[in-house]
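Take a look at the structure below.
The structure presented is a predicted model; accordingly, all values stated were derived computationally and were not measured. Order of the sequence lines sets the chain letters (A, B, ...), proteins ahead of strands, with each chain counted from 1. Values below: all heavy atoms of this structure, side chains included; hydrogens, waters and symmetry mates excluded.
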Number of protein chains: 2
Amino acid sequence: MTILRSSHRLPAATPERGIPDATVARLPVYLRALNALIEQGTGTCSSNDLAAQAGVNPAKLRKDLSHLGSYGTRGVGYDVEYLSYQIAREIGQTQDWDVVIVGVGNLGSALSAYQGFSTRGIRVAALVDTSPERIGTEISGITVSALQDLTAIVAEREIAIGIIATPGEAAQKVADALVEAGITSILNFAPALVQVPEGVDVRKVDLSIELQILAYHEQRKAGLDKVVNG
Amino acid sequence: MTILRSSHRLPAATPERGIPDATVARLPVYLRALNALIEQGTGTCSSNDLAAQAGVNPAKLRKDLSHLGSYGTRGVGYDVEYLSYQIAREIGQTQDWDVVIVGVGNLGSALSAYQGFSTRGIRVAALVDTSPERIGTEISGITVSALQDLTAIVAEREIAIGIIATPGEAAQKVADALVEAGITSILNFAPALVQVPEGVDVRKVDLSIELQILAYHEQRKAGLDKVVNG
DNA sequence: AAGAGTTTGTGAACGCGTTCTCAAAATCGA
DNA sequence: TCGATTTTGAGAACGCGTTCACAAACTCTT
Ligand SMILES: NC(=O)c1ccc[n+]([C@@H]2O[C@H](COP(=O)([O-])OP(=O)(O)OC[C@H]3O[C@@H](n4cnc5c(N)ncnc54)[C@H](O)[C@@H]3O)[C@@H](O)[C@H]2O)c1
Ligand SMILES: NC(=O)c1ccc[n+]([C@@H]2O[C@H](COP(=O)([O-])OP(=O)(O)OC[C@H]3O[C@@H](n4cnc5c(N)ncnc54)[C@H](O)[C@@H]3O)[C@@H](O)[C@H]2O)c1
C-alpha cells in the first residue's frame, strides 16, 4: 500500500518570512552565548566574538541574524542585551511553553526532573502514563495522570507540545491521542515512525542512531589504521 | 599534445569511499525497517516498499544504498536478509561497541538502564562519576567508578565511545579526560561546546533546542492564526 | 524469441545551506 | 573634513543532499 504524501507543495504565496530551520536550530545557541557575554558584563560584541563563543563561522552567524532584521551597527557590532532580546522574542522565549510528557519511565522521569528546561522557556506541566503503578504517584512534584485525562489536561493548561517517551510499540497510539487532545507539536523519543495529520510538527530524537553514527566512524578509523599500519 | 599522466588529478586515489553523513544517519533506519520485514517473513522487497516502511523517498533510499554497492536486482528488488546484513556490516553493527557513560545522574542512569541499545550493537560497559555518593554503587548492574579510573577502564575494555551526561560546567573537563583516556568518539548531552583534538568525533544532543524549535513553530502557527482569524 | 511489465542504479537538475568576498556604513584620530 | 579602520549585511559562488527521470537489466507471459 502506498501512502500518498500530499504536498510538499509550497503555497505560491509564502507571505510569511519564515526563518530557515538550520538557522532556528542555532538561535538558541547564540542566545546562550549572548547570556554568557551579559554575565561577564560585555556591552557590545562583534560577529567574530559571538561566533567564537557559539562555535560557528562568523559569516554564518551574520547570515543567520540577517533573517531577523538588521540589529547590528557597522563598525561597532551588536548590542548584547538588545540582540539577546530580539532573538528571544523571535524564537518565542519571552513566554513559557508548557509541555506534557507521555510515558514516565526511565527517560520520561529524567526529563521531568531536568531543571535546565525552565531557563529556556520550557515548562513540564503534566505527566501521563498508562501503568496503574505510576498513575497517581508524584514525580518531580507533578502527579502522574492517566492517558484518558490527556484531552482535559491539554485543554485546561493550553498545552501545545507533547513528548513521547513510551516504548516504540505505543508511539503511534500515543501520537494519535496527543493529536486528538489538541497537541500540535511532538517530540518523539521512541524508535518508531509516527504519522500525524498536516499541521502537526514532529521531531524525532533517536539516541541509538547517534551512537551508531559514532560507531560507524570508529569502524572507519580502525579500517584506515589497518591500511596504514598493517 | 601531451597528456599529463602525473596526477594532481584524483586517479585511482581516494582509496576510501566515505559514505555521506546524511546517508549514514539513515542506514540504521533502513536496518530497522528491514528487520521488521524479516519478522513478517518477507523475502524480497522493492525500494518502494522499503522506503514506505522507513518513511523516506524511494529515490533517496536507492541513492543511499548505491553508496554501499549494487545489492539489488532490477525488476525484482532487494533480498531482505542479504541487504540487512550488508548494511549491518557497513555501519559496524556486526560487532558490539562498548561505551562509557560519564555522569550517572538522572539522564546517565536512564541511558544505562536502556535495553534498546543492545540490539543496535551498543553496550554500556562502564559508568563513571565524581560524586562520592555514587561511586561504588551499582546502577543497572554496573558498579560506578571514579573519574580517576577512567583511563584504566577504557584501556582494559578497549572502549572507543564516551557519553558526557554531566552538568555543562564539567563538560570540557570530562571531554579532556575522555580524550586523555583514549576515547575517540564522544556523544555530548551537556548544553556546552567541547573542544577536542583532531581525530576525535563529537556529536551533540541538545534536548532543550529540540523543544525550542517546536516552540518556534508553535509561535508561528499562533501568529498565522491571528493573521487569518482576525 | 519477443514484447510487456517491473525495478534498479545513476546522470542531471534543483534547492538549500555555507562560505567567500566586498561595498556600505559606522567610528575615531588628526 | 578626511582618511584609516572596523564591522555589518548581502550578493555570488560553491558544495552537498534531495529529487526527478530514464536507460539498463531483470522476470514473466505468450
Ligand atoms: N531510557 C533511555 O535512555 C532511552 C534511550 C533511547 C531511547 N529511548 C526510548 O524512549 C522511550 C522510553 O524509554 P524508557 O527507557 O523511559 O522506557 P520505560 O520502559 O522505562 O518507560 C516507558 C513508560 O511508558 C509507559 N507506557 C507504556 N505504554 C504507554 C501508553 N500507551 N501510554 C502512556 N504511557 C505508556 C510505561 O508505563 C512506562 O512508564 C522508548 O521508546 C525508548 O526506546 C530511551
Ligand atoms: N535530565 C535530562 O532530562 C536532561 C535533559 C536535557 C539535557 N540534559 C543535560 O544532561 C546532563 C546531565 O543531566 P542530568 O539531569 O542527568 O544531571 P544530574 O545532575 O542528575 O547528574 C549529573 C551527574 O554528573 C556527575 N558529575 C558532575 N560533575 C562530574 C564530573 N566532573 N565528572 C563526572 N561526573 C560528574 C554528578 O555527580 C551527577 O551524578 C546535563 O548537562 C544536562 O544539562 C539533561
Is there a donor-acceptor pair under 3.5 Å between the side chain of Y114(B) and the backbone N or O of L207(A)?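 No, Y114(B) side chain to L207(A) backbone: no donor-acceptor pair under 3.5 Å.
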
Whole-Å distance between [N] [atom2] and [X] [atom1]?
{"X": "L83(B)", "N": "dT7(C)", "atom1": "CG", "atom2": "P", "value": "16 Å"}
{"X": "L65(A)", "N": "dT7(D)", "atom1": "CG", "atom2": "C1'", "value": "13 Å"}
{"X": "L68(B)", "N": "dG9(C)", "atom1": "CG", "atom2": "C1'", "value": "13 Å"}
{"X": "L61(A)", "N": "dC20(C)", "atom1": "CG", "atom2": "C1'", "value": "16 Å"}
{"X": "R26(A)", "N": "dG17(C)", "atom1": "CZ", "atom2": "P", "value": "9 Å"}
{"X": "H67(B)", "N": "dT8(C)", "atom1": "NE2", "atom2": "P", "value": "16 Å"}
{"X": "D21(B)", "N": "dC16(D)", "atom1": "CG", "atom2": "C1'", "value": "11 Å"}
{"X": "K60(B)", "N": "dT10(C)", "atom1": "NZ", "atom2": "P", "value": "19 Å"}

Tell me if the CD atom of Q115(B) is crowded by more than 12 foreign heavy atoms within 6.0 Å.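 No - once you tally the heavy atoms of other residues, nucleotides and ligands closer than 6.0 Å, there are 12 at most.
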
Would you find more than 12 non-hydrogen atoms of other residues, nucleotides or ligands less than 6.0 Å from Q40(B) atom CD?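 Correct, the count exceeds 12.
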
side-chain N/O [X] vs [N] OP1/OP2, d < 4.0 Å:
{"X": "Y78(A)", "N": "dG9(D)", "answer": "yes"}
{"X": "S47(A)", "N": "dT7(D)", "answer": "no"}
{"X": "N57(B)", "N": "dC20(D)", "answer": "yes"}

Base, backbone or nothing for each nucleotide of nucleotides 22-30 of chain D, written B, S, -, heavy atoms under 4.0 angstrom, 5' to 3'? -BBBBS---

What closest approach, in Å, do F189(A) and L111(A) show between heavy atoms, and which atom pair accounts for it?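 In terms of heavy atoms, the two residues are closest at CE1-CD1, 3.8 Å.
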
Rounded distance (nearest 0.5 Å) linking atom CD1 of I163(B) with atom CG of L187(B):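 Answer for the CD1-CG pair, I163(B) versus L187(B), is 5.5 Å.
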
Inter-residue atom distance T94(B).OG1 - Q86(B).CD, 0.5 Å rounding: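 Those atoms lie 10.5 Å apart.
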
I'd like to know if D206(A) pairs up with R32(B) as an ion pair, taking the criterion as any Lys NZ or Arg NE/NH1/NH2 lying under 4.0 Å from an Asp or Glu carboxylate oxygen.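 Yes, D206(A) and R32(B) are salt-bridged.
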
When you get a sec, tell me which of dT8(C), dT10(C), dG11(D) is the closest nucleotide to the side chain of K63(A)?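 So the nucleotide nearest the side chain must be dG11(D).
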
